Amino acid sequence: MMRLKVTFVLLLSILPLALANLRVGFYRRSCPNAESIVRAAVRRRLTRDKSIPAALLRMHFHDCFVRGCDASILIDSNRKISSEKDAGPNLTVRGFELIDEAKKALEATCPSKVSCADIITLATRDAVFLSGGPFYFVPTGRRDGLVSDPDEVNLPGPTLTVSEAVQAFRAKNMSMDDMVTLLGAHTVGVAHCSFFLDRITRPDPTMDRGLAAKLRSICGAASGSNPDPTAFLDQGTPFAVDNQFFKQIGLKRGVMKIDQELANDPLSRRIVSGFAANATLFRTRFAQAMVKMGNIQVLVGNAGEIRKNCRVFNPRRRI
């Protein structure tokens, strides 16, 4: 069994005031096995799908950067209204079935106690750890949102400059260091050719020639059944949460524009070099940044609700 390597986080130094209503072990009395139930669901899924950590990291990011970490990304559209799932950036988000599985198990054990927002946050933490990344304590007590609007989905994209990405993160009270650290999540996952095709269809001096040739081969294999192939964002260890991504972009082996610019831009170059040289530093900062992101605009106390089904809002009570 993998030994539990705990990365201790100085929570009070990095979290917003909303943390006053969140705490590590929030479900200790109301649902004592909540975290172990979520971890078991993640472990089962990981045995048959090594890419699930990347899926959960993306889901968590897309959720927290729209209306805060309130599980609004989980709501299904219906014939009357569209939800965030219909927004372009979310069409390829996946992993919803894992959240459903964890929620079903939690409802069977302690009904209406554990929020879907906390399930996303806990599942992402566990997926990171089970893929070789740091284990970190997650404050819980989030509530689920009551709105899911595709028109509100405005996420920082892969073609941004470093300065533009910094502005997007600062709008969420995240720093430059946080931004570079969290983009280190690209140590797992893939990108569709459509996101980087412009970098390989004409000479790009910022990309390693061997990588460019490899990507052209991958994208050139597009077919009717697979019109937009994918490539690993980390060409070294694509299923492990480690600092290899930063080593790769230091060698001009970044796949997407924003990834490579992290290593080239004077604003971020020093942070990239530090993470490439020091795996422990990256693990520590990644844990801190994930906890900080998980507390963006959270709903607490009596705000929002605890959904019984993560895909639909609870029925409104008639007064």
Side-chain angles (χ1 to χ4, degrees), residues 2 5-10 14 50-51 53-54 57-58 60-61 124-125 127-136 156-166 168-170 174-191 195-196 199-200 204-215 230-293:
M2 186 182 296
K5 297 180 180 179
V6 180
T7 298
F8 292 98
V9 180
L10 298 177
I14 63 173
K50 292 192 296 183
S51 70
L57 281 161
R58 187 164 182 244
H60 193 25
F61 172 74
T124 303
R125 184 272 307 273
V128 166
F129 170 62
L130 293 171
S131 298
F135 180 89
Y136 48 95
T159 61
L160 294 183
T161 64
V162 170
S163 295
E164 291 169 337
V166 169
F169 275 74
R170 282 181 176 162
M174 304 291 283
S175 68
M176 153 77 81
D177 194 283
D178 295 326
M179 183 270 288
V180 178
T181 304
L182 289 173
L183 283 178
H186 288 175
T187 185
V188 291
V190 299
F195 284 104
F196 58 83
R199 298 194 67 215
I200 60 175
D204 185 339
T206 68
M207 180 179 282
D208 173 74
R209 290 183 180 181
L211 175 61
K214 179 181 179 180
L215 295 176
T230 60
F232 290 120
L233 292 171
D234 179 344
Q235 297 291 309
T237 54
F239 295 112
V241 177
D242 56 20
N243 69 331
Q244 186 64 220
F245 166 79
F246 294 102
K247 294 181 179 182
Q248 293 286 314
I249 62 176
L251 298 172
K252 296 185 177 183
R253 293 177 65 79
V255 174
M256 293 197 296
K257 177 177 179 286
I258 182 59
D259 292 348
Q260 190 55 55
E261 287 208 358
L262 291 178
N264 300 341
D265 195 299
L267 289 173
S268 50
R269 187 186 303 152
R270 178 187 58 80
I271 303 172
V272 169
S273 298
F275 287 156
N278 190 331
T280 300
L281 175 63
F282 171 63
R283 290 171 64 86
T284 300
R285 282 295 298 121
F286 189 72
Q288 293 172 336
M290 287 296 291
V291 173
K292 187 175 179 180
M293 184 184 77

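The first residue of the sequence shown is numbered 1, and numbering continues consecutively from there. Just so we're clear, the structure is a prediction, and the values are computed from it rather than from any experiment.
Between Arg199 and Lys257, the closest side-chain pair of non-hydrogen atoms falls below 4.5 Å. Using a 4.5 Å heavy-atom threshold, the side chains of Met179 and Leu262 count as touching. Contact check for Ile271 versus Arg285: no side-chain heavy atoms found under the 4.5 Å cut-off. With a 4.5 Å cut-off on side-chain heavy atoms, Met176 and Ser268 count as touching. Residues Lys252 and Thr206 form no side-chain contact, since every pair of their non-hydrogen atoms from C-beta on lies 4.5 Å or further apart. Here the side chains of Val180 and Phe246 are in contact, with some heavy-atom distance below 4.5 Å. Looking only at side-chain heavy atoms (C-beta outward), Leu130 and Pro53 stay at 4.5 Å or farther from each other. At a threshold of 4.5 Å between non-hydrogen side-chain atoms, the residues Gln260 and Met207 do not count as touching.
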Contacts table for residues 273-280: side-chain donor-acceptor under 3.5 angstrom, sequence neighbours left out:
unit_1	atom_1	unit_2	atom_2	d
Ser273	OG	Arg269	O	3.1
Asn278	OD1	Thr280	N	3.1
Asn278	OD1	Leu281	N	2.9

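Contact record, Gly254 with Leu211: O-CD2, 4.1 Å, taken as the closest heavy-atom pair. Looking at every heavy atom in both residues, Leu215 comes nearest to Ala231 through CD2-CB, 3.5 Å. Of all non-hydrogen atoms in Phe282 and Gly184, the two that sit nearest each other are CZ-O, 4.1 Å. Ala54 and Gly189 get closest at one heavy-atom pair: CB-CA, 3.4 Å. In this structure, Asp265 and Leu267 approach most closely via the heavy-atom pair OD1-N, 2.8 Å. Listed here is the closest heavy atom pair of Ala165 and Ile258: CB-CD1, 4.2 Å.
Considering CZ of Phe195 and OG1 of Thr159, their distance stands at 9.5 Å, rounded to 0.5 Å.
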- Message: Working note: Met174 + Met293, criterion side chain to side chain contact (heavy atoms under 4.5 Å, CB included); need CA distance, chi angles, decisive distance, verdict.
- Response: CA-CA 8 Å; Met174 304 291 283; Met293 184 184 77; 3.8 Å; yes

- Item | Met256 and Leu233: CA distance, side-chain angles, deciding distance, side chain to side chain contact (heavy atoms under 4.5 Å, CB included) verdict | CA-CA 8 Å; Met256 293 197 296; Leu233 292 171; 4.0 Å; yes

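Not counting sequence neighbours, the partners of Phe232 by the ring-ring contact (aromatic ring centres under 6.0 Å, His included) test are Phe239.
Within the structure, side-chain hydrogen bond (donor to acceptor under 3.5 Å, both in side chains) pairs that include any residue of residues 181-191 comprise Asp177-Thr181, His186-Asp259, Thr187-Asp234, Thr187-Asp242 (at least two apart or interchain).
Ring geometry, Phe61 versus Phe169: the interplanar angle falls under 30°, so the pair is classed parallel (tilted spans 30 to 60°).
With hydrogens and angles ignored, the 3.5 Å screen pairs no side-chain donor or acceptor of Asn264 with any backbone N or O of Glu261.
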